[in-house]
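First comes the structure, then the notes that go with it.
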Amino acid sequence: MLRSTARPLLNSTINARPSCREYHLIKHGSRPVRPGSLPNRVCSAGMATDCAGWHLLGTPREELRLEHTLPTGQSFRWRETGDDEYIGVIGQRVVQIRQLEDDVAWRIIGRAPQAAEAEDTAVLADYFNLSTPLADLVRTWSASCDHFARIQPYFQGARMLRQDPTETLFQFLCSSNNHISRIHGMVERLCSGWGTRLPLTRSDEYGGPAHHAFPTLDQLAAVSEADLRAAGFGYRARFVTGSVARLRALGGEAWLATLRAGPPDVAVAALCTLPGVGPKVAACAALFSLDAHALVPVDVHVLALATRHYLPALRGKALTPALHAQVQAAFVARFGAHAGWAHNTLFISELARYRGRVPGTTRAEEVLLARGSEVAEEVDAGPDACARVVGMDGSDASTGKGGRARRKRKGGAASVASSLVEEQMELAPTTPPQAAA
DNA sequence: AATGGACCTGGGTCA
DNA sequence: AGCAACAGGTCCATA
């Protein structure tokens, strides 16, 4: 279990507001923490008017960064409510959570009656998988993979969550052939429509929408395919009702929970018997909720980075179950028992919204693909010329689907050129961000 | 065993 | 301003 260091937070982060300078004792795990050290961000105006209820998770930045963990596609239950601040639901609790300079602060702003306050800390620690030390793993992975070592400093604290199995399964049942913003809405409608509402306990600072627990299987059993279609689920409506029925026949939530104890391949095989669940969705559910830390959900992004860095022979091949297994094996061979965690950091670095954060890697490729052969000649001129071409000063705004579409059309030539640029850029020194992002 | 198409919907791109 | 292609896949029907 991670433990917070005893050192006070930086003076510059201390809030000067009188209401926050009272000596509340903020419990952190079994240890009280002097709240005089509660930083500005926690007590800032506009949200909190006092320090009551806030706790520290005890996670330095290399262990947990919210921006790399909550909105990056593991869970669709969090809403960004401010700069590095989120509100979401963990089980029966509504949680407000904020990134601090070198820790994370949280408090419960709503809960079901049966959710005991005494268990709050344990629930948070479990959800954030705090028994697994990410920083140690990162050191190991960085030693065994140059590419990982290069991109990781830009994506610190990308931690795997340990979510509820039922909730995770249905979230990712919605994810097929879909995009994140829409999945978020679908999950939200599922919860608000059929989940139990969680009463707010601190309504003084919160004026947002109501929060709901994820519906239980019994609650979901009352939902028809027509209901779901009306709620915008499209063809996935049938997957949801079908999986609900089958799960209930198998033993419901309790059956799903037993998969945590068994081997990952058994869990994946079991999940794949559910309608709408294929290798990718099963791997997501298992990695994000069933303690299957070695599993790697192979989607188009992961396949792309895998062929680029580990399995060049697979370039251009279709993402079949057999290929999925090959990529999975390659990740385990390289990253070991927590390959799924390593994959998570690599995956984030491939996302469009984060592309370009690492100088000379994914951004270079993106721009190269967008410009095609025009750039290829520059590549031959060496890293310096290449850096000019790809706009290392950030002036080039070429991102998104355009590049992807062109990649498909350009086919092999662009791919070859892209790896060439990457090779060149790997030789160029990069300057990772320092302590601050 | 592998490949190709269909499938709902909507936010972001491009002409 | 509209539109088409696409999105963090899965299922089913074919050779």
Side-chain angles (χ1 to χ4, degrees), chain A residues 68-76 158 160-161 163 168-190 224-243 246 268-269 271-288 295-307 314 316-328 331 340 343-355 362 366-367 369-371 396-410:
Chain A
H68 299 152
T69 302
L70 297 182
T72 46
Q74 283 189 68
S75 171
F76 303 97
M160 296 306 314
L161 300 174
Q163 301 178 72
T168 309
L169 176 65
F170 286 98
Q171 286 189 91
F172 286 91
L173 206 48
C174 298
S175 74
S176 78
N177 194 20
N178 210 346
H179 46 247
I180 290 179
S181 63
R182 186 175 169 211
I183 300 167
H184 210 280
M186 289 160 68
V187 171
E188 178 59 37
R189 287 190 290 279
L190 197 60
S224 70
E225 183 178 336
D227 290 335
L228 292 168
R229 284 197 173 255
F233 278 64
Y235 63 87
R236 303 167 200 83
R238 192 166 42 88
F239 294 165
V240 172
T241 54
S243 284
R246 176 150 173 80
V268 166
L271 292 172
C272 282
T273 66
L274 302 171
V277 180
K280 196 270 183 179
V281 169
C284 284
L287 174 64
F288 301 153
L295 285 186
V296 176
V298 183
D299 59 24
V300 291
H301 294 303
V302 175
L303 181 61
L305 77 90
T307 56
L314 299 185
K317 293 205 172 186
L319 187 42
T320 61
L323 196 74
H324 195 292
Q326 275 185 277
V327 174
Q328 163 74 66
F331 268 86
H343 131 278
N344 183 47
T345 295
L346 292 166
F347 169 76
I348 294 168
S349 74
E350 294 284 313
L351 288 177
R353 63 186 286 196
Y354 293 114
R355 260 178 267 172
T362 51
E366 185 69 28
V367 178
L369 290 169
R371 297 188 182 176
D396 195 305
S398 173
T399 55
K401 293 173 185 173
R404 178 179 299 279
R406 286 186 197 92
R407 160 183 282 186
K408 278 186 179 169
R409 283 197 295 274
K410 293 262 175 196

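This one's a predicted model, so the numbers in the text were calculated from it and none came from an experiment. Every chain is numbered from 1 and lettered A, B, ... according to where its sequence line falls, protein lines coming before strand lines.
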Given the rule that a pair is Watson-Crick or G-U wobble with both distances under 3.5 Å, how would you write DNA chain B in dot-bracket, using | for pairs to a different strand?
.||||||.||...|.
Would you mind reading off the distance between F233(A) atom CZ and dT10(C) atom C1', rounded to a whole angstrom?
17 Å
Between CG of D299(A) and C1' of dG8(C) the distance, given in whole Å, is 4 Å
Work out how far the P atom of dG2(C) is from that of dT9(B), and round it to whole angstrom.
22 Å
Tell me the interatomic distance from Y235(A), atom OH, to dT10(C), atom P, rounded to whole angstroms.
9 Å
dG9(C) base / K280(A) side chain donor-acceptor hit below 3.5 Å:
no
Given atom NE2 of H179(A) and atom P of dG9(C), what is their separation to the nearest angstrom?
12 Å
Which nucleotide in the set dC8(B), dT10(C), dG8(C) lies at the smallest distance from any side-chain heavy atom of R182(A)?
dC8(B)
Mind checking what makes side-chain hydrogen bond (donor to acceptor under 3.5 Å, both in side chains) contact with S181(A), not counting sequence neighbours?
none
So H343(A) and F331(A), would you call those rings parallel, tilted or perpendicular, with 30° and 60° as cut-offs?
perpendicular
Checking ring pair (Phe, Tyr, Trp, His ring centres under 6.0 Å) for the pair F170(A)/F239(A): CA distance, chi angles, key distance, verdict?
CA-CA 9 Å; F170(A) 286 98; F239(A) 294 165; over 10 Å; no
Looking only at dT10(C), dT9(B), dG8(C), the nucleotide nearest the V281(A) side chain is dT10(C)
Between L274(A) and L173(A), is the side chain to side chain contact (heavy atoms under 4.5 Å, CB included) condition met? List the steps.
CA-CA 10 Å; L274(A) 302 171; L173(A) 206 48; over 6 Å; no
Counting neighbours of CZ on R229(A) that are heavy atoms of other residues, nucleotides or ligands and sit closer than 6.0 Å, is the number greater than 12?
yes
P atoms of dA13(C) and dC8(B), separation to the nearest Å
15 Å
Within the structure shown, what part of the strands sits under 4.0 Å from G276(A) by heavy-atom distance: base, sugar-phosphate, or nothing?
sugar-phosphate
Across the strands shown, which category fits L274(A) at heavy-atom distances under 4.0 angstrom: base, sugar-phosphate, nothing?
sugar-phosphate
Checking side-chain polar atoms at under 3.5 Å, does S175(A) have a donor or acceptor matched by the opposite partner on N178(A)?
no
Could you give the side-chain donor-acceptor pairs of residues 318-326 of chain A under 3.5 Å, partners two or more places apart or in another chain?
| from | atom 1 | to | atom 2 | distance (Å) |
| --- | --- | --- | --- | --- |
| T320(A) | OG1 | L323(A) | N | 3.2 |
| H324(A) | NE2 | V298(A) | N | 3.2 |

Euclidean distance, atom CZ of residue R236(A) to atom C1' of dC8(B) [Å, nearest integer]
6 Å
Can you tell me how far P in dG4(B) sits from the matching atom in dC6(C), rounded to whole Å?
16 Å
V302(A) near the nucleic acid: base, sugar-phosphate alone, or nothing, with a heavy-atom cut-off under 4.0 Å?
nothing
Heavy atoms under 4.0 Å, any strand shown: does I183(A) hit a base, just sugar-phosphate, or nothing?
nothing
Base, sugar-phosphate, or nothing for R229(A), non-hydrogen atoms under 4.0 angstrom?
sugar-phosphate
Residue S176(A), side-chain atoms from C-beta onward, closest of dT10(C), dG8(C), dT3(B)
dT10(C)
Starting from the C-alpha separation in whole Å, work towards a yes-or-no answer on side chain to side chain contact (heavy atoms under 4.5 Å, CB included) for L303(A) and V327(A).
CA-CA 7 Å; L303(A) 181 61; V327(A) 174; 4.0 Å; yes
Mind checking the P distance from dG8(C) to dT13(B)? Whole angstroms is fine.
13 Å
Return the value, rounded to whole Å, for the distance between atom CG of L319(A) and atom C1' of dA2(B).
13 Å
When rounded to the nearest Å, what value does the distance between C1' atoms of dG10(B) and dC11(C) take?
23 Å
Rounded at 0.5 Å granularity, tell me how far CZ in F172(A) sits from NZ in K280(A).
6.0 Å
Applying a 4.0 Å non-hydrogen cut-off, can you work out what P297(A) is touching in the nucleic acid: base, sugar-phosphate, or nothing?
nothing
Rounding to an integer number of Å, can you tell me how far N177(A) CG sits from dC8(B) C1'?
9 Å
Counting heavy atoms from C-beta on, name the nucleotide in dT3(B), dG9(C), dG8(C) closest to the side chain of T320(A).
dT3(B)
Rounded off to whole Å, could you give me the CD-to-P distance for the Q328(A) and dG8(C) pair?
21 Å
F239(A) or L351(A): which one's nearest nucleotide on DNA chain C is closer to the 5' end?
L351(A)
